[in-house]
Amino acid sequence: MSKNILIYCRQIQAVNNPVAVSYRNAEILARDLVADILMNKTDRLQNKEYDVIICPYFNKYTDYNTLKSLIKPNQKRFLIRSEYENVDVTAAFKPYSQIINFNSEINNPYKVDSVYRLNTNLLIARHPNNLTNKRYDCIYYSRHRADRMKYCKEYLQGDIYLSTHPKNHKHFFHAGCRPKLIKHIDWTPTKETLNQFRYSLYLEDVYTHSVFNNLANRWYEAGFCNNVVFFDINCINTIRKSELAYFEDQIKFYMVSSHSELQAKINECNKDFEKHLAIQKTWRLNEMNLRREMIEELKRIIND
């Protein structure tokens, strides 16, 4: 018997960036799990009771009042977490289980019903767009992350582009970053701003160096936008524990430790960009299989 599943990410205010990764993930989950989705205030509540409610995130804007009205006894509830940062969960959602994208030293660190480890960042993975004309070299995009600023200061200089919300500009500036600033990336499918860039920069928090988190969304986004990825050298432990471990020897060429080294690698790769793109595409040959396996495991967890 099929279950009624709801993907819940409704906000108390209008969703002003419907292509943010949390919303994109919610829409993908709804499609792949054949579930209803409640995101915008204009989304209509279905006249049904849900066997499963999945929340891709909680934040201060989550519409908890509507969520409370959907909570029923004997209902499975899941919070998907792609970040190690603490999350405040409303008491009405409890008991619930977590599906986490990172490792932890203890089996149930959050004192919830169950903790499942699954690479949900694969949700965003898909077959690549057609290769289009690349107008720019290297981009980094992110919200402000305090534990990453020392790397941002090193790399985000000169001709490197930074895409972030304008409210974050002051944080990057105070950290010493002087990149080329651009507005938020447009994630309209096949028309993503990222398609216009040859290279994407992969940085991670200091904390993540020693606590494994699966490859970030930016790795999979670079894949479907035909970017060559440069990795900060401090990400080596993540690579060694990820699906890229087999390719470590090749990846070392694309690892950098300073802005000057990054710029030198850009200049070198610009001599034959398509060769380097082809090399990195070979690292992704199993990506869609991994995604399919992840979705099947997610379905098993929900239906168990």
### Task
Check whether more than 12 heavy atoms from other residues, nucleotides or ligands sit under 6.0 Å from atom CZ of F253, and answer yes or no.
yes
### Message
With a 3.5 Å distance limit and no angle check, can you tell me whether Q46 reaches the backbone of L6 through a side-chain donor-acceptor pair?
### Response
no
### Query
Hey, are D205 and R145 close enough for a salt bridge, meaning a charged N less than 4.0 Å from a carboxylate O?
yes
### Donor-acceptor pair, side chain of S258 and main chain of E261, under 3.5 angstrom
yes
### Query
Any chance NZ of K281 has more than 12 other-residue heavy atoms, nucleotides or ligands included, within less than 6.0 Å?
yes
### Message
Can you tell me how far apart OG1 (T120) and CG (L29) are? Round to the nearest 0.5 Å.
### Response
8.0 Å
### Message
Would you say that more than 12 heavy atoms from the other residues, nucleotides or ligands in this model lie under 6.0 Å from the NZ of K48, or not?
### Response
yes
### Summary
Note: I301 and K76 closest approach over all heavy atoms is O-NZ, 3.6 Å
### Summary
Smallest heavy-atom separation, A92 atom then K68 atom, equals CB-CG, 3.4 Å
### Query
Do E204 and Y202 have side-chain atoms, one donor and one acceptor, less than 3.5 Å apart?
no
### Message
Side chains of N119 and Y220 only: does a donor on one sit below 3.5 Å from an acceptor on the other?
### Response
yes
### Query
Hey, is the main chain of F173 close enough, under 3.5 Å, to the side chain of R178 for a donor-acceptor pair?
yes
### Query
So, R291 side chain and L122 main chain: donor-acceptor pair closer than 3.5 Å or not?
yes
### Query
Got a donor-acceptor contact below 3.5 angstrom from the D63 side chain to the R10 backbone?
no
### Query
Does V206 share a hydrophobic cluster with V256, counting links as ILVMFWY side-chain heavy atoms below 4.5 Å and allowing steps through other members?
yes
### Query
Do other residues, nucleotides or ligands put more than 12 heavy atoms under 6.0 Å from the CD atom of E248?
yes
### Query
Which of these, V52, I28, I54, sits in a side-chain contact (heavy atoms from CB on, under 4.5 Å) with L33?
I54
### Summary
Smallest heavy-atom separation, K191 atom then N195 atom, equals C-ND2, 3.9 Å
### Task
Name the orientation class of the two ring planes belonging to Y254 and F230 (parallel below 30°, tilted from 30 to 60°, perpendicular beyond 60°).
tilted
### Task
Any chance you could measure K180, atom NZ, to S163, atom OG, to the nearest 0.5 Å?
15.0 Å
#### Entry: Expected output: side-chain N4 to main-chain E49 donor-acceptor under 3.5 Å
yes
### Query
Short question: side chain of N237, backbone of H209 - any donor-acceptor pair under 3.5 Å?
yes
## Note on the structure
Residues passing the side chain to side chain contact (heavy atoms under 4.5 Å, CB included) test with D137, sequence neighbours excluded, are R198, Y199, I266, N270
### Query
For the atom pair CZ (F172) and NZ (K153), what is the distance rounded to the nearest 0.5 Å?
14.5 Å
### Query
Just by distance, do the side chain of T164 and the backbone of S142 share a donor-acceptor pair under 3.5 Å?
yes
### Message
So, taking the atom named CD in E154 and the one named CG in D232, what distance separates them when rounded to the nearest 0.5 Å?
### Response
9.0 Å
### Message
Using the ring centroid of each side chain, check whether Y23 and W187 are separated by less than 6.0 Å.
### Response
no
### Euclidean distance, E268 CD relative to K265 NZ, rounded to 0.5 Å
7.5 Å
#### Entry: Donor-acceptor pair between E192 and N129 side chains, under 3.5 angstrom
yes
### Query
For atom CG of N130, is the number of surrounding heavy atoms from other residues, nucleotides or ligands below 6.0 Å larger than 12?
no
### Task
Look only at the side chain of N213 and the backbone of F102, and say whether a donor-acceptor pair between them is shorter than 3.5 Å.
no
### Summary
All heavy atoms of I160 vs all of Q263, minimum pair found to be CD1-OE1, 4.3 Å
#### Entry: Nearest heavy-atom neighbours spanning G223 and P128
O-CB, 3.7 Å
#### Entry: Heavy-atom closest pair, residues I7 and A35
CG1-CB, 3.9 Å
### Query
Partners of T62 by side chain to side chain contact (heavy atoms under 4.5 Å, CB included), sequence neighbours excluded?
Y8, Q11, Y57, F58, N59, Y64
### Query
Just how far is it from atom CD1 of I71 to atom OG1 of T66, taken to the nearest 0.5 Å?
11.5 Å
### Query
Below 4.0 angstrom, N of the basic side chain to O of the carboxylate: do E221 and R218 qualify?
no
### Query
Judged by atom type as modelled, is there a donor-acceptor pair below 3.5 Å linking the side chain of R81 to the main-chain atoms of Y84?
yes
